[in-house]
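Reading through the structure tokens given below for one structure.
Heads up: numbering here begins at 1 and tracks the sequence. Being a predicted model, the structure only gives us computed values, none of them experimental.
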Amino acid sequence: QVQLMESGGGSVQAGGSLRLSCVASGYPYSVNCMGWFRQAPGKEREGVAAICTGASTTYYADSLKGRFTISHDNAANTVYLQMNSLRPEDTAMYYCAADPFVPEDIWATITRWAYWGQGTQVTVSS
């Protein structure tokens, strides 16, 4: 089993930045891919970004490229999501996910990910 714990959420004004962190514990070396998803009230959960450390490959939702950056610290079993130029529409619960392997073409498919964290709330005010 792998446990994921997110942190770093909060309330910011539009244009501000936040950095989310997600620490994997339990059997963190069993997962090679970690990702971030978000879910706004009344909306479906959507993929934000993912990183697979084996090939150091990153994936992003097209609409978020350039504002969000995902990175990984292997030694700390931690994945980060740097969010810049935040907008009110970025307001959502942000979830960390992990899996031993996720193919590139379906990285944003929720059912493809085995492990999930409890989420951290991000609120952006105008």
* Asked: Where do Leu86 and Gln13 land on the side-chain contact (heavy atoms from CB on, under 4.5 Å) test, with the steps shown first?
  -> CA-CA 8 Å; Leu86 284 163; Gln13 291 190 328; over 6 Å; no
* To the nearest 0.5 angstrom, please state how far the NE2 atom of His72 sits from the OG1 atom of Thr58. => 13.0 Å
* **Minimum heavy-atom distance between Ser125 and Pro88, given as atom pair plus value** => C-CG, 4.5 Å
* Asked: Looking at Tyr80, does the NZ or CZ of Arg19 lie under 6.0 angstrom from its six-membered ring centre and within 45 degrees of the ring axis?
  -> yes
* Asked: Can you name the nearest heavy-atom pair linking Lys43 to Gln39, along with the distance?
  -> O-NE2, 3.1 Å
* Spell out, yes or no, whether Trp107 and Ile110 are grouped together once hydrophobic residues are joined by side-chain heavy atoms under 4.5 Å, including indirect joins. => yes
* Can you tell me how far OG of Ser21 sits from CE of Met5, rounded to the nearest 0.5 angstrom? -> 12.5 Å
* Is the shortest heavy-atom distance from the side chain of Cys52 to the side chain of Glu104 under 4.5 Å? -> no
* Among Arg38, Met83, Glu6, Gln82, the one residue meeting side chain to side chain contact (heavy atoms under 4.5 Å, CB included) with Leu20 -> Met83
* **Separation of Leu4 CG from Trp113 CH2 (nearest 0.5 Å)** => 10.0 Å
* To do: Please lay out, stage by stage, how Arg67 and Asp90 fare under the test side-chain contact (heavy atoms from CB on, under 4.5 Å).
  => CA-CA 11 Å; Arg67 293 196 300 123; Asp90 295 319; 2.8 Å; yes
* Asked: For the ring-ring contact (aromatic ring centres under 6.0 Å, His included) test, which of Trp116, Tyr95, Tyr94 pairs with Phe37?
  -> Trp116
* Asn84 (side chain) donor-acceptor with Ser17 (main chain) under 3.5 angstrom -> no
* Heavy-atom closest pair, residues Ala108 and Gly47 -> CB-CA, 4.3 Å
* **Joint hydrophobic cluster, Leu64 plus Val102, side-chain heavy atoms closer than 4.5 Å** => no
* Structure fact -> Looking only at heavy atoms, the pair that brings Gly9 and Thr120 closest together is N-OG1, 3.1 Å
* Taking atom OG1 of Thr53 and atom CG of Asn32, what is their separation to the nearest 0.5 Å? -> 4.5 Å
* Asked: To the nearest 0.5 Å, how far apart are CD1 in Ile51 and OH in Tyr60?
  -> 7.0 Å
* To do: Check for a donor-acceptor pair, side chain of Thr91 on one end and backbone N or O of Val124 on the other, with a separation under 3.5 Å.
  => yes
* Asked: Heavy-atom count around Gln118 CD within 6.0 Å, excluding the residue itself: above 12?
  -> no
* Grab the two heavy atoms, one from Ala92 and one from Ala40, that are nearest each other, plus how far apart they are. => CB-N, 3.8 Å
* To do: Look at the side-chain heavy atoms of Ile, Leu, Val, Met, Phe, Trp and Tyr, link any pair under 4.5 Å apart, and say whether Met93 and Phe68 land in one connected group.
  => no
* Asked: If you measure from SG on Cys96 to CD on Gln3, what distance do you get to the nearest 0.5 Å?
  -> 12.0 Å
* Asked: Are Val48 and Leu18 connected, step by step, through hydrophobic side chains (Ile, Leu, Val, Met, Phe, Trp, Tyr) whose heavy atoms are closer than 4.5 Å?
  -> yes
* Establish whether Val31 and Trp36 are linked, either directly or via other cluster members, by ILVMFWY side-chain heavy-atom contacts under 4.5 Å. => yes
